[in-house]
Amino acid sequence: MAQSKTLQNKWIKLWRKNKVYEPDLKKVKNPFYNLMMFPYPSAEGLHIGSVRTFTGVDIYGRFKRMQGHDVFEPIGLDGFGINSENYALKIGKHPAKLAKITEKNFYRQLDAIGNGFAWNECLETYDAEYYKWTQWIFVQMFKKGLAYRKKSPVNWCPSCKTVLADEQVLSGECERCNSAVIKKDLEQWFFKITDYAERLLEGLERIDWPDQIKIAQRNWIGRSEGYSITFPLVGIPGEENRKHSVDIFTTRPDTLFGVTYIAISPELGLEWIDKGWIKKEEAIKYVDNSILARSRKEKSSEEKTGVFSGIYGINPGNQEKVPIWISNYVLSSYGTGAVMGVPAHDERDFEFATKFDLSIREVISRDGRDHDLRQAYAGEGVLINSGKFNGTNSENAKEEITKFAGGGKKINYRLRDWLVSRQRYWGPPIPMIFCKACGDAGRGERKDMSGWYSVNEKELPVKLPFMENYKPDGTGESPLAKSKKFVRARCPKCKSWASRETDVSDTFLDSSWYYFRYLDPKDKTRPFDRQIIKKWLPVNMYIGGAEHAVLHLLYVRFIAKAFYDWKLIGFDEPFPKFRINGLITKDGAKMSKSRGNIVNPDDYIEKFGVDAVRMYLAFMAPLGEGGDFRDAGISGTTRFLARVEKLSEKLAKTSKEGLSEKMERLLHFSIKKIGEDIENLHFNTAISQLMILLNSLESLPSVPWQAYEIFLKLLAPLAPFTSEEYYQQLKKHKSFRKELSVHLGPWPKYEAKKIALESFKLIVQINGKTRAALDMPVGITEKDAEKRIFEDENLKKYFSTSPKKTIFVPDRLINFVI
RNA sequence: GCCCGGGUGGCGGAAUGGUAUACGCGAAGGACUUAAAAUCCUUUGCCCACAAGGCUUGAGGGUUCGAGUCCCUCCCCGGGCACCA
């Protein structure tokens with residue numbers, strides 16, 4: 001029979017009353033911060049995949065609690081942001097109103113999954129008491145020079161009508177709505193995450209995270225060790241030769257003598273046009289066209305195009321004059337926006353040179369001879385056609401040639417600064433004010449940002465005004481710009497009328513620091529309490545989705561490092577231990593609203609009871625692996641729980657009834673195995689062991705209640721209600737020492753010596769094939785084992801000749817090679 | 001193209017280099033029942049009439065007394081990055 005709501009409510013009440021899940025954050029001795037990525041509350045409610053993750057995290061937390069830790073397992077809602085807002089637009093309900101409805105539904109569902117949440121500390125990112133501090137962080141970023149404004153080509157989602165960070169563009173598409181992203185020239189706020197590139201890399205060495213995530217972050221940061229070489233420019237109209245120059249970045253300075261041209265990005269071309277260096281009509285036209293083309297598509301098309309700029313560079317290696325081309329295959333956002341073209345040893349350069357009939361000169365050779373190259377050779381070799389460097393190994397030549405050419409080492413990163421502005425309504429307004437008067441006078445809070453002031457901290461939060469029309473209009477300005485009342489503000493410096501920044505900040509800023517706020521969510525005077533932080537942070541266990549590898553998981557590390565630098569905290573990696581959860585599919589497809597295959601947990605919890613659902617989700621696969629949701633599987637765990645109930649009717653009346661040695665061994669082995677499995681988040685095998693144990697206990701004529709007690713404790717993290725129910729029933733036994741709740745532990749201990757076997761089955765193999773499994777006493781010697789085997793009637797036939805070789809693995813296996 | 005995961009019965013999955021297929025689902029047969037559901041018992045990788053035996057972890061090689069596990073080559077699925085110089 002499915003678990004009743006009454007039973008569930010009964011225990012929820014007891015737990016609340018006794019604050020089983022509410023550790024005293026200031027006082028506890030053995031803190032354990034058990035954190036899950038908080039949900040982005042969509043209107044359709046909690047997703048079965050989130051339920052699996054959350055209950056999985058909870059299984060782990062309950063286990064830790066029973067082991068004697070004061071577990072803090074908070075929950076909240078990441079409710080600000082484009083997702084919620086887009087949905088609000090779709091159904092025509094104001095996001096602020098929608099949030100309240102969604103919130104209620106979400107908390108109801110989160111309450112129903114049986115987790116040991118610390119409800120007193122829940123928070124929502126759209127609560128002004130929360131985003132006040134999100135804004136405070138922005139202000140600190142500005143004050144420390146880590147927030148800046150810059151006009152540049154940025155990612156623009158035409159459907160969401162806002163800019164996006166690079167991390168939010170997935171193969172040219174908007175992370176949220178999958179529309180093709182285009183480039184737009186806009187002035188935006190950025191956070192200087194690139195200042196932390198090296199430390200973000202270094203920190204990865206110190207944290208226990210899945211390799212998958214670490215590799216993704218390393219690739220995203222994209223550290224590349226190379227060299228910078230300067231090419232003087234000649235042929236600029238009206239300018240002296242060699243007065244100006246261009247820097248290029250390369251990882252292959254050994255190919256310097258093979259340079260036959262230089263290619264620069266259209267953006268750099270535009271700069272040079274503005275400087276008056278490029279005057280060629282054709283080149284100017286090309287730059288205009290290619291920049292325009294890019295505004296239609298985020299990625300430049302595969303087809304390489306280009307035009308000669310009219311000016312030349314001097315190769316500092318051999319003093320040769322090479323033409324400078326402008327081409328779409330050169331990225332403006334990486335390196336210097338200019339590359340040296342070495343067609344013989346770079347595939348892309350080869351393609352370009354072939355297309356535009358530029359010369360190709362081989363300078364690296366595998367055998368020291370010249371070849372008629374049909375394709376680029378990018379490998380190592382011996383230098384040829386390279387003047388005094390001929391004969392040098394290419395690897396060794398890198399340093400020497402760079403030095404000779406007057407260049408130097410340079411490290412480049414792929415990582416770009418975090419674009420945090422959003423031209424949307426449903427987010428924390430960026431707490432900045434622009435004063436035109438100050439700007440005109442060249443004044444500002446920071447030298448490099450004239451006219452800009454951060455909002456006085458005492459005036460935070462800058463409240464998001466209620467607006468009837470909150471629709472993004474695609475003008476490149478937030479809907480907030482339409483509210484005159486909101487925009488008008490006094491300049492913090494000169495007190496004249498100034499205007500507020502009207503963009504809101506990225507949702508990922510909201511979630512970059514929530515784990516601090518959980519620890520003290522109601523404090524109005526500061527973002528967090530240093531004493532409590534010291535006690536609880538960094539987080540002991542963090543679990544969440546792999547899709548955040550280079551989003552949330554990168555930003556959150558960056559913000560922690562900034563806090564560390566500002567001496568707010570004493571650690572710089574917020575999550576020393578992180579584990580990913582697998583993805584749950586339905587009929588093999590990702591669950592999504594558009595596919596209409598979202599599984600709502602409510603019906604299942606209603607029908608089977610929350611314990612059966614929790615156990616089914618845990619039994620599917622290890623937490624880190626995903627799986628396909630099929631309701632058929634729930635019957636297994638439902639039956640299991642019914643049998644647990646039935647077993648309670650079979651308890652021995654007295655406590656004296658002992659257990660067989662075999663049963664005792666199974667019990668102790670189960671304690672060990674289940675503990676280890678839960679520690680490794682392998683709940684599936686923990687449940688399997690519980691099933692094995694239950695099968696054995698059922699076969700007893702009557703079950704000693706002590707054995708049942710242990711069983712219930714082992715079950716407790718997985719099925720919190722069932723275990724509590726039958727645990728509490730044990731109080732009718734006189735000698736039972738009842739804890740307030742089974743969930744307060746202690747976790748049972750096993751004795752290693754009780755697990756030790758007296759006899760075992762020795763696997764007998766002949767030429768690697770198993771022929772028998774014979775009972776033998778533990779610790780038997782090879783000689784004694786052989787004796788028994790040779791006497792065995794069934795095995796005699798194999799030993800017509802004596803074995804050439806014998807491999808003996810004590811207490812396990814013997815293999816005869818005949 | 002590059003970088004990560006992964007490929008084991010009808011299905012989900014289990015296996016420190018040492019009995020592959022634990023545990024569960026499903027299926028088949030039986031018991032109980034007027035009947036069904038529920039429950040309980042038995043069987044359940046493949047070949048073979050049984051036994052004996054043989055075969056089997058995507059494919060093919062290799063190392064080893066012994067390989068799902070280690071190495072090489074390749075195929076397929078999932079994910080990430082992608083003109084990064």
Side-chain angles (χ1 to χ4, degrees), chain A residues 1 170-172 210-216 218-220 222-224 226-227 248-253 255 263 265 299-304 327-331 333-342 345-349 351-352 378 412-416 546-547 549-550 580 582-583 585 588 590 615-616 619-622 624-637 639-640 642-643 646 682 684-695 698 761-773 797 803-809 811-818:
Chain A
M1 218 185 59
L170 308 178
S171 12
D211 280 343
Q212 189 189 341
I213 305 293
K214 288 193 188 183
I215 289 166
R218 272 189 208 112
N219 291 345
W220 189 258
R223 184 181 200 270
S224 171
Y227 304 83
I248 60 93
F249 174 77
T250 181
T251 54
R252 293 299 301 272
T255 64
S265 67
K299 290 200 287 186
S300 48
S301 58
E302 295 76 41
E303 182 69 17
K304 288 182 177 54
S327 173
N328 64 343
Y329 88 94
V330 182
L331 301 174
S333 52
Y334 185 79
T336 59
V339 300
M340 61 184 209
V342 188
H345 306 291
D346 183 282
E347 269 174 54
R348 296 153 301 185
D349 295 349
E351 191 193 327
F352 189 78
N412 245 317
Y413 298 92
R414 213 199 68 116
L415 183 72
R416 277 173 264 169
E547 69 274 16
V550 295
I580 58 174
L583 191 75
T585 55
K590 215 172 178 167
M615 287 192 76
Y616 166 63
F619 193 45
M620 284 172 71
E625 283 163 40
D628 206 52
F629 185 86
R630 300 234 174 85
D631 3 350
I634 300 183
S635 58
T637 50
R639 270 179 218 159
F640 170 81
R643 283 161 56 198
K646 235 176 158 183
H682 288 188
N684 56 335
T685 47
I687 292 172
S688 149
Q689 189 61 33
L690 278 168
M691 286 171 168
I692 292 168
L693 184 56
L694 179 67
N695 289 344
E698 276 178 336
K761 284 210 190 300
L762 180 77
I763 305 308
V764 182
Q765 293 186 338
I766 315 288
N767 290 336
K769 285 204 194 307
T770 303
R771 297 299 177 184
K797 58 182 168 184
K804 274 185 254 167
K805 193 175 174 185
T806 308
I807 292 97
F808 181 69
V809 185
D811 297 344
R812 198 178 280 271
L813 169 142
I814 191 160
N815 187 12
F816 298 100
V817 185
I818 292 175

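Excluded from the calculations below are hydrogen atoms, water molecules and symmetry mates; all remaining heavy atoms, backbone and side chain alike, are included. It should be emphasised that the depicted structure is a prediction, and the values quoted were computed from it without experimental measurement.
Under the 30°/60° scheme for interplanar angles, the aromatic rings of Phe352(A) and Tyr329(A) are found to be tilted.
Note on Ile763(A): a base of the nucleic acid sits closer than 4.0 angstrom, heavy atoms only. As judged by a 4.0 angstrom heavy-atom cut-off over every strand, Val817(A) is placed among residues touching the sugar-phosphate backbone only. Ser635(A) comes within contact range of the sugar-phosphate backbone alone, with a heavy-atom separation under 4.0 Å but no base atom that close. When heavy atoms are screened at a 4.0 angstrom cut-off, Leu170(A) is found touching the sugar-phosphate backbone but no base atom. Among the atoms of the strands shown, none is found under 4.0 Å from any heavy atom of Arg218(A).
Checked by atom type, the side-chain pair Arg414(A)/Asn219(A) shows no donor-acceptor distance below 3.5 Å.
No hydrogens or angles were tested; on distance alone, a donor-acceptor pair under 3.5 Å links the side chain of Arg812(A) to the base of rU16(B). A donor-acceptor contact under 3.5 Å is formed by the side chain of Lys304(A) with the base of rC83(B).
Between Arg639(A) atom CZ and rC23(B) atom C1' there is a gap of 14 Å when expressed in whole angstrom units. rG6(B) atom C1' lies 14 Å from atom CG of Leu583(A), rounded to whole Å. The nearest whole Å value for the distance from the CG atom in Asn219(A) to the P atom in rG5(B) is 12 Å.
For the C1' atoms, the distance linking rC4(B) with rG17(B) amounts to 25 Å, nearest Å.
RNA chain B is contacted by both Thr770(A) and Asn412(A); Thr770(A) maps to the nucleotide lying nearer its 5′ end (nearest heavy atom per residue).
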Dot-bracket summary - RNA chain B, pairs being Watson-Crick or G-U whose distances fall under 3.5 Å, with | when paired to another strand: (((((((..(((.....[....)))((((((.......))))))(((.....)))..(((((..]....))))))))))))....
